[in-house]
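Structure, as structure tokens:
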Amino acid sequence: MSVELKGVSETLFIPLFAQWRENRSRRPLLRDDKVDDIVARLHPPFEKFLPSPIDRSIVILRKRIIDGLVEAHMRRHGGRAVVINLGCGLCTRFDRLDDGAVRWIDIDLSAVEPIWRQAFAGHDSRRRFVSGSIEDAELLDDLDIGADATPLVILEGVSMYLSEARMRLLARQIARRFPGATLVFDAMASWVAMGSMFYPEIAVTGSRFSWGLDRPKSCESWGKGFQLTSDEPIARHLTAIYGVLGWLGRINPVMRSAYRVVTLRLGKGP
């Protein structure tokens with residue numbers, strides 16, 4: 001299949017490449033056979049994307065942290081769990097974590113849809129793809145998840161391409177449509193976001209980072225009743241990959257602030 005994407009959408013190949021490389025490690029921290037299947041189906045242009053070893057590590061650790069949050073959500077809500085994956089790209093989390101009951105909605109731009117359908121041909125009926133942009137104010141209004149469901153909304157590898165104002169508006173839109181929902185997103189510090197040019201795998205797509213989060217607690221000011229329920233620096237998990245050397249990340253406040261996964265419980269918005 002010919003794969004043609006541009007701009008931010010093209011960056012969906014970066015986490016795919018990171019996991020494909022991780023699968024080939026002698027002792028992979030996270031094994032994901034579905035990624036190998038997707039690569040065999042799509043033959044993506046990996047030669048264009050060469051994230052550094054540390055960037056690949058961040059992707060893998062980010063996936064593990066969010067996996068844990070999704071698993072906890074599924075346990076908590078039993079057969080009523082719903083996950084909405086905004087800007088999903090070629091995310092394989094459903095394939096890794098499916099408990100046989102969760103309902104899953106993957107959402108991305110229309111340009112991604114044919115690639116997604118090729119990658120996940122024959123997927124379970126509890127999983128569906130919705131074509132749309134997070135810039136569309138009516139995107140969430142058309143989602144029917146049932147009256148008894150409180151969804152977990154994932155925004156992975158996306159926030160850094162948005163502005164804080166856009167993140168605030170998106171969180172309020174989610175809260176208005178799904179009061180009490182949980183939003184999980186990863187973020188980088190502002191000093192990291194300023195260095196887009198030092199990420200060749202990003203620069204080659206013509207994209208750039210726009211926003212960084214320095215004070216996670218500030219997200220509570222985005223809407224009425226918003227509550228920060230967890231703030232997990234990715235650096236805390238570096239020991240899983242780098243052993244003793246990973247402790248440098250755990251004790252260094254600059255490294256701890258660089259990348260994080262944030263969980264925000266949403267109230268009723270403004």
Side-chain angles (χ1 to χ4, degrees), residues 7-12 14-15 18 49-66 69 85-87 89 91 133-135 153-175 182-224 226-238 241-242 246-266 269-270:
V8 174
S9 292
E10 197 175 15
T11 63
L12 64 81
I14 296 172
F49 307 99
L50 297 173
S52 68
I54 185 64
D55 290 337
R56 297 199 306 267
S57 298
I58 289 168
V59 168
I60 300 303
L61 292 173
R62 179 181 77 192
K63 289 173 67 173
R64 287 222 314 175
I65 293 169
I66 297 177
L69 295 169
N85 195 7
L86 294 174
C91 177
S133 168
I134 58 176
E135 301 290 341
V153 182
I154 302 172
L155 192 70
E156 184 177 7
V158 177
S159 77
M160 57 287 299
Y161 298 103
L162 307 178
S163 65
E164 181 176 4
R166 190 67 193 85
M167 280 293 297
R168 182 188 305 112
L169 177 60
L170 178 60
R172 290 182 176 184
Q173 290 171 335
I174 296 170
T182 297
L183 174 62
V184 173
F185 67 95
D186 62 301
M188 55 178 55
S190 58
W191 62 268
V192 179
M194 291 172 60
S196 296
M197 71 290 294
F198 299 112
Y199 292 79
E201 68 271 25
I202 301 298
V204 75
T205 70
S207 305
R208 63 184 299 271
F209 300 139
S210 300
W211 174 67
L213 178 64
D214 296 320
R215 295 188 306 107
K217 192 73 172 175
S218 67
C219 297
E220 293 186 338
S221 69
W222 289 355
K224 183 178 180 180
F226 285 16
Q227 180 183 7
L228 179 72
T229 57
S230 71
D231 166 30
E232 189 66 20
I234 291 178
R236 285 181 181 169
H237 300 262
L238 289 175
I241 295 178
Y242 298 106
W247 280 99
L248 295 175
R250 294 178 66 98
I251 65 176
N252 186 315
V254 174
M255 293 182 68
R256 283 204 310 272
S257 73
Y259 302 95
R260 61 193 349 119
V261 174
V262 172
T263 306
L264 191 63
R265 183 70 52 80
L266 306 180

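Fair warning: this is a prediction, and the values are worked out from it, not measured in the lab.
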State which residue, out of Val184, Asp186, Ile234, Ile60, fulfils the side-chain contact (heavy atoms from CB on, under 4.5 Å) condition with Ile65.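 The residue from Val184, Asp186, Ile234, Ile60 that satisfies side-chain contact (heavy atoms from CB on, under 4.5 Å) with Ile65 turns out to be Ile234.
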Just distance, no hydrogens or angles: give the donor-acceptor pairs under 3.5 Å from side chains in residues 162-169, sequence neighbours left out.
{"residue": "Ser163", "atom": "OG", "partner": "Arg166", "partner atom": "N", "Å": "3.0"}
{"residue": "Arg166", "atom": "NE", "partner": "Glu135", "partner atom": "OE1", "Å": "2.9"}
{"residue": "Arg166", "atom": "NH2", "partner": "Ile134", "partner atom": "O", "Å": "2.1"}

Testing the basics here: between [X] and [Y], what is the closest heavy-atom pair and its distance to 0.1 Å?
X      : Y      : value
Val192 : Tyr259 : CG1-OH, 3.4 Å
Met255 : Ala235 : O-CB, 3.6 Å
Ala193 : Gly212 : CB-N, 4.1 Å
Val158 : Gly87  : CG2-O, 4.1 Å
Ala171 : Leu266 : O-CD1, 3.7 Å

Applying salt bridge (charged side-chain N to carboxylate O under 4.0 Å, His left out), name anything that partners Glu232, two or more places apart in sequence or on another chain.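 Here the qualifying residues are Arg236.
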Which residues pass the salt bridge (charged side-chain N to carboxylate O under 4.0 Å, His left out) test with Asp231, not counting sequence neighbours?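 Salt bridge (charged side-chain N to carboxylate O under 4.0 Å, His left out) check on Asp231 returns Arg260.
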[atom1]/[X] to [atom2]/[Y] distance, rounded to the nearest 0.5 angstrom?
X      : Y      : atom1 : atom2 : value
Trp211 : Met160 : CH2   : CE    : 9.0 Å
Thr11  : Tyr161 : OG1   : OH    : 4.0 Å
Leu155 : Leu86  : CG    : CG    : 6.0 Å
Arg56  : Leu61  : CZ    : CG    : 12.5 Å

After noting the C-alpha distance and the side-chain angles of Leu213 and Ser218, does the key distance pass the side-chain contact (heavy atoms from CB on, under 4.5 Å) rule? CA-CA 9 Å; Leu213 178 64; Ser218 67; 3.9 Å; yes
Test of understanding: with side-chain contact (heavy atoms from CB on, under 4.5 Å), list the residues that count as partners of Thr229, not counting sequence neighbours.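 Testing Thr229 for side-chain contact (heavy atoms from CB on, under 4.5 Å), a comparison that skips the adjacent residues, returns Gln227, Thr263, Arg265.
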Results of side chain to side chain donor-acceptor pair (under 3.5 Å) for Gln173 - residues two or more places apart only: none
For Arg64, all residues meeting side chain to side chain donor-acceptor pair (under 3.5 Å), sequence neighbours excluded: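 If we apply the side chain to side chain donor-acceptor pair (under 3.5 Å) test to Arg64, skipping adjacent residues, there are no hits.
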Under the criterion side-chain contact (heavy atoms from CB on, under 4.5 Å), I'd like the reasoning laid out for Ile174 against Leu183: C-alpha separation, chi angles, the key distance, then a yes or no. CA-CA 8 Å; Ile174 296 170; Leu183 174 62; 4.1 Å; yes
Dump the intermediate steps for side-chain contact (heavy atoms from CB on, under 4.5 Å) on Thr182 and Leu69, then the final yes or no. CA-CA 10 Å; Thr182 297; Leu69 295 169; over 6 Å; no
Quick one: does any side-chain atom of Asp214 pair with a main-chain N or O of Ala189 as donor and acceptor, under 3.5 Å?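 No; judged by distance alone, with no hydrogens or angles, the pair does not exist.
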Look only at the side chain of Arg172 and the backbone of Trp222, and say whether a donor-acceptor pair between them is shorter than 3.5 Å. yes
